[in-house]
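Here is the structure we will look at.
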There are 2 protein chains.
Amino acid sequence: MDEKDTKILKILMEEGRKPFTEIAKELNTSESSIRKRIKKMESCGIIKGYNVIVEPNKIGYGVVALTGFDTIPEDFLHVANELCKYEEVKKVYTTTGDHMIMTEIWAKDGRELSEIIFNKIGRIEGIKKVCPAIILEQMK
Amino acid sequence: MDEKDTKILKILMEEGRKPFTEIAKELNTSESSIRKRIKKMESCGIIKGYNVIVEPNKIGYGVVALTGFDTIPEDFLHVANELCKYEEVKKVYTTTGDHMIMTEIWAKDGRELSEIIFNKIGRIEGIKKVCPAIILEQMK
DNA sequence: TTTGAAAATTGGCCTAA
DNA sequence: TTAGGCCAATTTTCAAA
């Protein structure tokens, strides 16, 4: 990881599908250099992958909620693992602070969110409290 | 948006740089069909972009914190806009629930996180309370 | 959907630091 | 030994018809 790698990552963070040749042009270097650096970052785990950024509203997910979960300590890992299994649960973090587990949950609407949180997920053994915060706007 | 588009998105969410030809093979259709569908989703805003997924630990960001901010109502938008300006603040959401603003902040270590949160960001007019939750592990 | 040209990717091999 | 340069074969993209 030197400055050139950092610049490559910055470009890919903005535009993950940009061709290596264009990145090379932009950084005034050769395509092979860029390519080999990217491959290296991929193989050593700096780059974990690439993904598409989707606007949830436009595909019928009108509600996205950052949802914290409190659990009894013994069930903490079990709950986190269970949460990962749900399609609607897009991200799962274990954290310090108010909640031990933080998630991002996508739902069609408020009704479905409540269904997911209280009926489906709420059934997981060990959950003490659920704290959903609906995202109003993603500003960055 | 039909079922085929949904399948394409699902594939790209896993592997954002997968060539159209491969997606086509996987879905038993032609490359040009896939490409035109993707272009359409891009132009109508369903696809907002593509990005690289970086492991922050491996590039010197040892600490990532989901950080909530409480503000006085009048300064709410001002604070959110200011937060967007910081390089270390990777994501900014306005939300319902405990905090009006939720962010994701990357820092080298605890010391730097505290520096960012309390010295740099803490200076923004209107912030009443800052609630950082350090991510221990991303499980999904 | 098919087709063909242009562009990008890949792998191998080479040199230089 | 590692990063980068070069070339040729393959694959992918893209815009026609």
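Naming: A, B, ... by sequence-line order, numbering from 1 per chain.
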Taking NZ, NE, NH1 and NH2 as the nitrogens, is one of them in [X] or [Y] under 4.0 Å from a carboxylate oxygen of the other?
X        : Y        : result
B:Lys120 : B:Glu88  : yes
A:Glu55  : B:Lys48  : yes
A:Asp2   : A:Arg37  : yes
A:Lys108 : A:Glu115 : no
A:Glu22  : A:Lys25  : no
A:Glu15  : A:Lys18  : yes

Separation of [N] [atom2] from [X] [atom1] (nearest whole Å):
X       : N      : atom1 : atom2 : answer
A:Lys40 : C:dG11 : NZ    : C1'   : 18 Å
A:Ile34 : D:dG4  : CD1   : P     : 9 Å
A:Glu31 : D:dA3  : CD    : P     : 16 Å
B:Glu42 : D:dC14 : CD    : C1'   : 13 Å

**Expected output: side-chain A:Thr96 to main-chain B:Ile134 donor-acceptor under 3.5 Å** = yes
**Asked** So, B:Arg35 side chain and B:Phe20 main chain: donor-acceptor pair closer than 3.5 Å or not?
**Response**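 Between the backbone of B:Phe20 and the side chain of B:Arg35 there is no qualifying donor-acceptor contact (under 3.5 Å).
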**Message:** Using a 3.5 Å limit for the pairing distances, which stems of at least 3 consecutive Watson-Crick or G-U wobble pairs does DNA chain D take part in?
**Reply:**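 Stem list for DNA chain D: C:1-17 with D:1-17.
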**Asked** Just checking, is any N or O donor in the side chain of B:Tyr50 or B:Glu42 under 3.5 Å from an acceptor N or O on the other one?
**Response**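 The criterion, which ignores hydrogens and geometry beyond distance, is satisfied for B:Glu42 and B:Tyr50.
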**Asked** Does any residue of residues 1-27 of chain A have a heavy atom under 4.0 Å from DNA chain D, and if so, which ones, in number order?
**Response** A:Arg17
**Request:** Check the surroundings of atom CD in A:Glu125: do more than 12 heavy atoms from other residues, nucleotides or ligands lie under 6.0 Å from it?
**Result:**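 Open.
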**Asked** If you check the B:Lys39 side chain, which of D:dC14, D:dA3, C:dT1 turns out closest?
**Response** D:dC14
**Asked** For B:Glu112 and B:Tyr61, what are the C-alpha separation, side-chain angles and deciding distance, and is it a side-chain hydrogen bond (donor to acceptor under 3.5 Å, both in side chains)?
**Response** CA-CA 10 Å; B:Glu112 194 188 274; B:Tyr61 291 101; over 6 Å; no
**Request:** Assign a letter to each nucleotide of nucleotides 12-17 of chain C from its 5' end: B, base within under 4.0 Å of a protein heavy atom; S, sugar-phosphate only; -, no contact.
**Result:** BB----
